[in-house]
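Quick note: numbers below take in every heavy atom, side chains included, and nothing from hydrogens, waters or symmetry partners. FYI, the numbering just counts along the sequence from 1. Whatever order the structure lists them in is the order used to number ligands and atoms, beginning at 1.
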Amino acid sequence: MICLPAHAARAIARLEHAGYETWAVGGCVRDGLMGRMPHDWDLCSAARPEQMKSVFADERVLDVGLRHGTLTVLTDDGPLEITTFRADGGYSDGRHPDSVRFVGSIEDDLARRDFTIGAMAWHPQRGLCDPYGGLDDLQDGILRAVGEPDARFREDALRILRGVRFAAQLGFTVEPQTAAAMRRQQALLSRIAAERVREELTGMLCGRFVQRALRDYADVLFAVLPELCPMYGCAQQNPHHLYDVWEHSLYTVGQVPAEPVLRWAALLHDCGKPCCKTVDASAVGHFYGHPAAGCALAEQLLRRLRFSNEQAAHILFLVEQHDRPLGENDKLLRRQLAKMGETRFRWLLSLKKGDAVGQGTHPAYIAELCETEARLNAVLEEDACLSLKQLAVDGRDMMTLGLRGPAVGEMLQALLEAVLDRQTANTRQALLELAKTRMEELK
Ligand code: ATP
Ligand code: MG
């Protein structure tokens with residue numbers, strides 16, 4: 001039993017009243033049956049695009065998807081996508097359906113969908129439409145391709161990544177024939193648009209069961225991220241590490257909060273290790289310079305996947321900094337906080353904690369990082385001055401003292417550092433005095 005929200009139930013009722021069979025379909029039915037709150041409600045209908053438009057003529061709609069049969073109705077409770085029952089034509093380029101063909105029945109529409117758990121429809125009066133055994137698979141925690149798996153993955157290889165993503169999000173097991181086909185067809189992933197790959201990987205990385213999914217489908221991941229393949233089985237030969245580079249990275253991913261930037265940084269933080277590995281005379285492994293090498297590799301990978309400049313910069317920052325000391329004492333903590341800002345500081349702290357847990361040998365270090373976090377919270381609570389904007393003096397004050405040009409900014413920066421280091425209070429009088437003293441010294 002699924003409880004449809006009012007806006008979806010109303011849209012179904014309007015279309016059916018006009019004579020067009022209409023159902024809720026796909027992810028919302030799956031989530032509803034699992035007792036989860038669906039993040040969007042998709043409907044599918046016997047109404048052709050123009051017929052849907054006339055039924056919703058009095059509502060605000062978006063019709064950019066109309067060629068593929070989708071009308072978006074902008075209700076007060078959010079957008080609602082309604083798609084005409086359709087079957088996809090072939091995928092000769094492995095990317096886009098060559099054509100879209102409208103079909104007559106809900107069963108025909110469900111046949112084009114990739115996994116049985118997403119190939120169910122729900123109607124408030126008629127109940128569940130489940131021609132492929134999706135409910136049984138949902139109850140058994142199984143991901144199974146609809147129809148012949150190799151053919152389905154050949155039509156659209158992105159489905160291979162969707163399979164791993166669902167495994168990572170739901171913790172489901174991929175049915176053996178489906179899993180074998182995913183592996184057989186994984187080379188086709190090279191034809192998939194970078195943006196689609198990136199979105200699936202991000203969803204996968206943020207899944208609750210990501211560690212297991214990536215362990216089971218490492219080869220599928222390497223088909224889209226070949227740069228990471230050398231991490232697999234790369235022994236660390238180091239008393240600080242319990243796991244090889246790949247396993248260690250999986251632990252780290254699983255440990256950090258499910259935030260895209262952090263999960264990507266956790267996956268990539270040690271990708272520079274394999275190419276930096278050296279083994280000393282006592283057979284101990286070292287990885288000097290791996291953060292910088294990792295940054296170079298990661299940058300190439302992130303650019304290929306068309307990450308935004310902002311996200312790429314955050315991820316690269318974390319990869320580059322993950323091995324450096326952070327907030328070891330209050331003075332350093334305030335300086336680093338002022339430089340990188342709270343968000344990056346907290347991300348870095350989370351990554352370092354995940355990294356330490358993933359090493360499996362550092363309980364004392366983890367306790368230290370927790371203590372750094374407590375000190376960070378204390379610094380933030382005392383409302384400390386951390387930026388030029390928060391200083392009790394500004395550029396005009398420096399000019400009144402006689403400074404000009406770059407000397408103004410340099411003096412303000414020096415004053416901020418003195419405040420951060422607790423050499424002076426952040427009051428106007430104290431800072432003006434200090435500035436005068438510094439000017440005297442510079443004469
Ligand atoms: P979620 O929204 O939680 O990521 P979802 O299953 O709803 O998962 P969507 O991408 O929203 O996934 O797609 C909605 C439905 O459309 C799916 O449940 C599935 O039935 C179908 N679908 C989506 N993408 C594909 C695809 N590449 N191949 C076949 N069917 C697909
Ligand atoms: Mg969805």
Numbered atoms and elements of ligand 1 in range of [X], under 4.0 angstrom, heavy atoms:
{"X": "F166", "answer": "6 (O), 8 (O)"}
{"X": "R159", "answer": "26 (C), 27 (N), 28 (N), 29 (C)"}
{"X": "G118", "answer": "18 (O), 20 (O)"}

When you measure from [atom] to each heavy atom in [options], which option holds the nearest one?
{"atom": "atom 14 (C) of ligand 1", "options": "D156, D42, T116", "result": "D42"}
{"atom": "atom 13 (O) of ligand 1", "options": "R196, R162, R152, M120", "result": "R162"}
{"atom": "atom 7 (O) of ligand 1", "options": "A121, G27, G26", "result": "G27"}
{"atom": "atom 16 (O) of ligand 1", "options": "R113, R30, R112", "result": "R113"}

Handout entry: Partners passing side-chain contact (heavy atoms from CB on, under 4.5 Å) against R67 (at least two apart in sequence or in another chain)
Key = none
Handout entry: Proximity of W246 and F222 rings by center, below 6.0 Å
Key = yes
Handout entry: Proximity to ligand 1 by part of H39, non-hydrogen separation under 4.0 Å
Key = side chain
Practice task
Mind checking whether R165 contacts ligand 1 via backbone (N, CA, C, O), side chain (CB onward), both or neither, at a 4.0 Å heavy-atom cut-off?
Solution key: side chain
Exercise for the section: Determine whether Q236 and E247 make a side-chain contact, defined as any pair of heavy atoms from C-beta on separated by less than 4.5 Å. Expected result: no
Problem - Cationic tip of R344 above F317 ring, under 6.0 Å, 45° of axis - result: yes
Exercise for the section: Measure the acute angle between the ring planes of W264 and F307, then classify it against the limits of 30° and 60° as parallel, tilted or perpendicular. Expected result: perpendicular
Problem - Charged N-O contact under 4.0 Å between R422 and E382 - result: yes
Exercise for the section: State whether the shortest distance between N or O atoms of A119 and N or O atoms of ligand 1 falls below 3.5 angstrom. Expected result: no
Practice task
Apply side chain to side chain contact (heavy atoms under 4.5 Å, CB included) to C129 and L110, showing your working.
Solution key: CA-CA 9 Å; C129 176; L110 293 175; 3.9 Å; yes
